[in-house]
Number of protein chains: 2
Amino acid sequence: MPHQAVVPITAEGLKTACSQCNLQELCLPFGMSDGDIDQLDGLVGGRRKVKRHQHLYRVGDTFEAIFAVRTGSFKTDVLLEDGREQVTGFQMSGEIIGLDGISTDAHTCNAVALEDSDVCIIPFANLETLSREVESLQHQFHKVMSREIVRDHGVMMLLGSMRAEERLAAFLINMSQRFTARGFSAAEFHLRMTREEIGSYLGLKLETVSRAFSRFQENGLIKVQQKHIRIVNIGGLKALLSHLPSV
Amino acid sequence: MPHQAVVPITAEGLKTACSQCNLQELCLPFGMSDGDIDQLDGLVGGRRKVKRHQHLYRVGDTFEAIFAVRTGSFKTDVLLEDGREQVTGFQMSGEIIGLDGISTDAHTCNAVALEDSDVCIIPFANLETLSREVESLQHQFHKVMSREIVRDHGVMMLLGSMRAEERLAAFLINMSQRFTARGFSAAEFHLRMTREEIGSYLGLKLETVSRAFSRFQENGLIKVQQKHIRIVNIGGLKALLSHLPSV
DNA sequence: CAAGCGGGTTGACGTGGATCAAACGCCCCA
DNA sequence: TGGGGCGTTTGATCCACGTCAACCCGCTTG
């Protein structure tokens, strides 16, 4: 296995992993009462650091745990035999990675760190056991999975029915919302992924992504400097999605 | 609510809904032991008939239950404000519909019968309660959700990275496999959806779907007569996917 | 400080699939 | 039995995005 070693953590530290974590509002325990969260001792089996460009898991790895992003960010992708890549998602702090592995006990996509990151390891056996005891955990976990399905439907909509600029506008609005939820600026942020990765996610070539960025800038919607994005006219971006005249 | 009335069923009939059902191998209980399946009394809350072109549920309907297709088939779709439709999936007997509703307690897509159909109603509260008691049910349900996520990733691959003929070949192979699993011919089947619905699912216009069908026929891969499809050269179809020279 | 390189931008051109349009065939129903 | 309409097929044309190519910029490394 090409995996890095699990970061050793004291049993004491992990006992309070969730109850002490400031990502509660974004992560699995979202919506659970403090009392219920206190029951999650032992849910997290460890932590793991993953360096930029390293894999958290690969297609075919046996599935044992899901992961909660603590810091950093990831992409997940699937490959075709001839090498074509499809990025299926980008994950930020508090988000859960690895749900794809449950169905066959083996991972069906790759998860790669976009920057130096670390994750909580949630052994799936722990999660299922605790879920049978803590009703709210069970329900939250089901919501997390369902949310992933709903998100995937949104991506299908995007890939199947939108044109290039609509796709990129949807992407930027989505990123903005997720940064906001994490206490960062809604208008100014740093993308961790390349134009090629954005393109793969959106079903476009990197040149098309680059051109759409430039067009948005010409139209005064955003300011682009490489990976640094400033949204100048969020209404204009949203109007692109609803096919309304831009404000 | 525009829903049809639930078909009244005797309590006795439902007590054995799953243990007596011949769809076990395809449905939620797949992989569970007979003993465990016997514990599923009360899981199914009722049955419902849905006529062709009628909705099983709509975007915004409150979520109370998931559904298992007993007979017939469905499509699920999402709409953009301007009316563009994206079909997110086609469901056949034994498959589960409605998982999208868990995340927000309201459905986020529409489910429409492609032909006269009927479904088992599985109240979600029942499912969560029983899942806490029957470990194998819990695990199977998690697998069903995960399988849906993996399927969605496949659709993203298709929409984001494949060309028209590859998409249609993938679609036909997938249909063939699902008919086979249900004891029907792998080579000859009747599509219940229109060219437009196939196109929406595959991110193509109906004319493009039609032309691709014609091309496949010219090349001796299939025989098409409206909705009736006969696969003549399955290897050739698969070769289209792997970018290999067709056999 | 120069060279090398990965990522990004921009331009010129090509093409796969969309669009527009016409006609066909199956099926329902009077 | 004979319309009428939806779903499908097919042709002609168009255009959004892909492809190919040149160049730029900021970083890293020797």
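As a basis for the values below, the full set of heavy atoms in this structure was taken, side chains included, without hydrogen atoms, waters or symmetry mates. Chain naming here is simple, since letters A, B, ... match the order of the sequence lines and numbering starts at 1 in each.
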Q.
Any salt bridge linking R52(B) with D116(B)? Criterion: basic side-chain nitrogen under 4.0 Å from a carboxylate oxygen.
A. no
Q) Can a salt bridge be assigned to the pair K75(B) and E85(B) using a cut-off of 4.0 Å between side-chain N and carboxylate O? A) yes
Q. Over how many whole Å does the gap from M193(A) atom CE to dG6(C) atom C1' extend?
A. 18 Å
Q: Measure the distance from CG on L206(B) to P on dG17(C) and round it to the nearest whole Å.
A: 15 Å
Q) Is the side chain of Q86(A) donor-acceptor paired with the backbone N or O of S200(A) at a distance under 3.5 Å, no angle test? A) yes
**Q.** Protein-nucleotide distance (R195(A), atom CZ; dT9(C), atom C1'), rounded to Å
**A.** 9 Å
Q. Salt bridge check: are E95(B) and R182(B) linked by an N-O gap of less than 4.0 Å?
A. yes
(Q) If I take atom CD1 in residue I222(B) and atom C1' in nucleotide dT8(D), what distance separates them, rounded to the nearest angstrom? (A) 14 Å
(Q) It should be established whether K205(A) places a side-chain nitrogen or oxygen under 4.0 Å from OP1 or OP2 of nucleotide dT19(D). (A) yes
Q.
Expressed as a whole number of angstroms, how long is the span from R163(B):CZ to dG16(C):P?
A. 7 Å
Q: Ignoring backbone atoms, establish whether K227(A) has a side-chain N or O less than 4.0 Å from OP1 or OP2 of dG8(C).
A: yes
**Q.** Base dC20(D) to side chain E207(A), donor-acceptor N/O within 3.5 Å cut-off
**A.** yes
Q. Touch check for T194(A), heavy atoms < 4.0 angstrom, all strands: base, sugar-phosphate only, or nothing?
A. sugar-phosphate
Q. Hey, does L204(B) reach any base, or is it just sugar-phosphate, or nothing, if we go heavy atoms under 4.0 Å?
A. sugar-phosphate
Q: Write down the distance between CD (E218(A)) and C1' (dT9(C)), rounded to a whole number of angstrom.
A: 12 Å
Q: Take atom CZ of F213(A) and atom P of dT9(C), then tell me their distance rounded to the nearest Å.
A: 8 Å
Q) Does the distance from a Lys or Arg side-chain N to an Asp or Glu carboxylate O, for R211(A) and E165(A), drop under 4.0 Å? A) no
**Q.** Atom pair distance, as rounded to whole Å: NE2 in H228(B) and P in dT8(D)
**A.** 15 Å
(Q) It should be established whether T208(A) places a side-chain nitrogen or oxygen under 4.0 Å from OP1 or OP2 of nucleotide dG18(D). (A) yes
Q. Would you say a side-chain N or O of R211(A) is under 4.0 Å from OP1 or OP2 of dT10(C)?
A. no
Q. Given dT10(C), is OP1 or OP2 found less than 4.0 Å from the side-chain N or O atoms of S214(A)?
A. yes
Q) Checking all strands, does G203(A) fall into the base, sugar-phosphate, or nothing category for heavy-atom contacts under 4.0 angstrom? A) sugar-phosphate
Q) On DNA chain C, nearest-nucleotide positions of S210(A) versus M162(B): which is more 5'? A) S210(A)
